[in-house]
Number of protein chains: 2
Amino acid sequence: MTATKPLTRIQQKNRAAILDAALDVFSAHGYRGATVDQIALQAGLSKPNLLYYFPSKDAIHVALLTGLLSTWLAPLEQLDPDGEPVEEILKYVDLKLTMAETYPRESRLFANEIVQGAPRIHDNLTGPLRRLVDEKCAVIAGWIARGLIAPVDPHHLIFSIWATTQHYADFDVQVRAVLGDAAENRFAIAREHLRMLFSRLLTPGAAG
Amino acid sequence: MTATKPLTRIQQKNRAAILDAALDVFSAHGYRGATVDQIALQAGLSKPNLLYYFPSKDAIHVALLTGLLSTWLAPLEQLDPDGEPVEEILKYVDLKLTMAETYPRESRLFANEIVQGAPRIHDNLTGPLRRLVDEKCAVIAGWIARGLIAPVDPHHLIFSIWATTQHYADFDVQVRAVLGDAAENRFAIAREHLRMLFSRLLTPGAAG
DNA sequence: AAAGTTCTTGACCAAACGGTCAGGAAACCG
DNA sequence: CGGTTTCCTGACCGTTTGGTCAAGAACTTT
């Protein structure tokens, strides 16, 4: 039983500043590419002071990942088995794209971690994540069985949604580079594009 | 005029070994996460000997990226303006997925680089890459104008193709973790899934 | 075989890094 | 106010890292 004392006003402020700075630095340079000095500087703290709040660089990283993982998976949890199937999935796509637009740092943090083999959150992937995905895939499979959406592999459907939406956060530099001046309204156009992409895939009755 | 002497037999062998080892290490840990010792060890060379062939860690990285970029873009170049539009694009999707399956290290190398802001290949993105993409987007726009495929934003279509196919290389750990035992034939199922996804999007006449 | 070139290495270096520690400053509390 | 806890810092430490260098080994060429 670890009796966690309530945090001081100063502790709250500084821990939050550290985590925000760490999110900036880790998402931009990866774990190894980030330095404690850099995080401390951005948080407006000295390095020893930062290490007064977190015991190590690794601890900051873990705190970030675990703290943000539930936030990151929340949209999928909202997928409502009793909703209108196609619209439910399209709403999920829309929400994920909004997340990519609003929280690109979080997206890149996980992207960095997973591309490099997810050494620190692998258990979370095979555990909670997999359970959640399986649960929602069962829902989708149910919809397919009842003919409410076109038959697709539920897991790979979810992969496609993750890939297409997070692409606009993780590969933002590339997207902007390729679009040039037309990059400004990229999220609006992406929204329309992805809605069409997945609505055509899922709407039953189309050519199969 | 840099008169590049022809490479020795030993030079050829060792440079190749270094680049292959570097691809392994850089793709797995990112630029900053990779160490010269690690690359040297994997290449079967001592560190000073490795630095005899490449002047610096950075030079190895740049040589890798620039050397592989053309390979990586080759599939898009093959998109044939005179081919059957839907089938041409589906062929491109298929080829990109095959690349993700066959060359996951290369995919991850670029993923690492771009997620972290593409500091070393940014000029290549706004230059050659953008030109190639624009050229092929014009082809796609032409197909749309002639009603040969459904109207979609060509740029974002390409983004969707990149995202969905490279996902299976870049986020392989996650894909495997979520699929569990069913991960074995993930590429076969992905192939089917993506073919359906993009064929439904592009086949004209469907609900718009 | 001799000379010249290419290849390889152990030893070394300066900088950067994650982390420690003693002790002072500030905030809190009776 | 005085005592106690919390907060903060300069100086420091051991390790890792990218990179150098002088000198020897191996290969080529004549």
Side-chain angles (χ1 to χ4, degrees), chain A residues 2-65 109 112-113 116 119-120, chain B residues 2-65 109 112-113 116 119-120:
Chain A
T2 49
T4 33
K5 284 184 184 176
L7 293 179
T8 317
R9 177 178 51 89
I10 297 176
Q11 277 171 347
Q12 280 179 29
K13 192 191 67 175
N14 281 349
R15 282 183 64 99
I18 290 168
L19 288 177
D20 188 71
L23 177 55
D24 251 41
V25 179
F26 281 133
S27 67
H29 306 292
Y31 178 77
R32 194 60 156 50
T35 73
V36 179
D37 289 274
Q38 225 177 330
I39 299 172
L41 184 73
Q42 182 136 348
L45 272 59
S46 68
K47 184 169 67 167
N49 198 15
L50 179 146
L51 289 167
Y52 169 74
Y53 290 99
F54 287 90
S56 69
K57 177 187 180 181
D58 196 87
I60 305 174
H61 197 227
V62 170
L64 251 191
L65 286 172
L109 181 77
N112 262 306
E113 177 70 9
Q116 299 187 8
R120 286 159 230 275
Chain B
T2 49
T4 34
K5 286 185 183 175
L7 293 179
T8 316
R9 177 178 52 89
I10 298 177
Q11 279 170 346
Q12 281 180 29
K13 193 191 66 176
N14 281 348
R15 284 183 63 100
I18 290 169
L19 288 176
D20 189 71
L23 177 56
D24 251 39
V25 179
F26 280 133
S27 68
H29 305 294
Y31 178 77
R32 194 60 158 48
T35 72
V36 180
D37 289 276
Q38 225 176 330
I39 298 172
L41 183 74
Q42 183 135 350
L45 271 60
S46 67
K47 184 169 66 166
N49 199 15
L50 180 146
L51 289 166
Y52 168 76
Y53 291 99
F54 288 90
S56 69
K57 178 186 180 181
D58 197 87
I60 305 174
H61 197 226
V62 170
L64 250 191
L65 288 172
L109 181 77
N112 262 307
E113 176 71 8
Q116 299 186 8
R120 287 158 229 275

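Order of the sequence lines sets the chain letters (A, B, ...), proteins ahead of strands, with each chain counted from 1.
- Spacing between atom CG of B:Leu50 and atom P of C:dT8 amounts to 11 Å, rounded to whole angstrom units.
- Comparing atom distances between the B:Asp37 side chain and each of C:dG19, D:dC8, D:dG18 picks out D:dG18 as nearest.
- Taking atom CZ on A:Arg15 and atom P on D:dC8, their separation rounds to 14 Å, with Å as the unit.
- Residue contacts shown for B:Ala59 are absent, as no nucleic acid heavy atom lies under 4.0 Å away.
- For the pair B:Lys13 and B:Lys47, both in contact range of DNA chain C, the more 5′-proximal nearest nucleotide belongs to B:Lys13.
- Among all heavy-atom pairs drawn from B:Thr35 and B:Val25, the shortest one is N-CG1, 4.4 Å.
- The phosphate of C:dC17 (OP1 or OP2) has no side-chain N or O of A:Arg32 nearer than 4.0 angstrom.
- Between A:His29 atom NE2 and B:Arg32 atom CZ the span is 9.5 Å, to the nearest 0.5 Å.
- When the nucleotides D:dG19, C:dG18, C:dC7 are ranked by their closest atom to the side chain of B:Asn49, C:dC7 comes out on top.
- In terms of heavy atoms, B:Tyr53 sits closest to B:Arg15 at O-NH1, 3.6 Å.
- Applying the salt bridge (charged side-chain N to carboxylate O under 4.0 Å, His left out) rule to A:Lys57 yields no partners; only residues at least two apart in sequence or on another chain are considered.
- Per the geometry, NZ belonging to B:Lys57 stands 15 Å off P belonging to D:dT20, to the nearest Å.
- When rounded to the nearest whole Å, the span between CD of A:Gln38 and P of C:dA16 equals 13 Å.
- An OP1 or OP2 oxygen of D:dC27 is reached within less than 4.0 angstrom by no side-chain nitrogen or oxygen of B:Arg9.
- Distance A:Leu45 CG to D:dT9 C1': 11 Å, rounded to the nearest Å.
- Proximity of B:Asn14 to the phosphate of C:dT8: a side-chain N or O atom is located under 4.0 Å from OP1 or OP2.
- Considering every non-hydrogen atom in both B:Ala22 and B:Ile60, the closest pair reads CB-CG2, 3.5 Å.
- If you check D:dC7, D:dG18, C:dC7 against the side chain of B:Gln11, the one that comes closest is C:dC7.
- In this structure, B:Phe54 reaches neither bases nor backbone, as no heavy-atom distance under 4.0 Å exists between it and the strands shown.
- At a threshold of 4.0 angstrom between heavy atoms, the contacts of B:Asp58 with the nucleic acid are absent.
- At whole-Å resolution of the value, CD1 in B:Ile18 and P in D:dG19 are 13 Å apart.
- Proximity note for B:Pro48 (side chain, C-beta onward) versus C:dA11, C:dT8, C:dT20: the nearest is C:dA11.
- For A:Tyr52, the listed nucleotide lying nearest its side chain is D:dC7; candidates were D:dT17, C:dT8, D:dC7.
- The side chain of B:Val36 lies closest to D:dG18, out of C:dT8, C:dA27, D:dG18.
- Taking the side chain of B:Leu51 as heavy atoms from C-beta on, and the options C:dG19, D:dT20, C:dT8, the nearest nucleotide is D:dT20.
- The interatomic distance linking A:His29 (NE2) with C:dA16 (P) rounds to 16 Å, in whole Å.
- In this structure, CG of A:Leu7 is placed 16 Å from C1' of C:dA27, rounded to the nearest angstrom.
- For B:Thr8, a side-chain nitrogen or oxygen approaches OP1 or OP2 of C:dC7 to under 4.0 Å.
- Here the OH atom belonging to B:Tyr31 is positioned 11.5 Å from the CD atom belonging to B:Gln116, to the nearest 0.5 angstrom.
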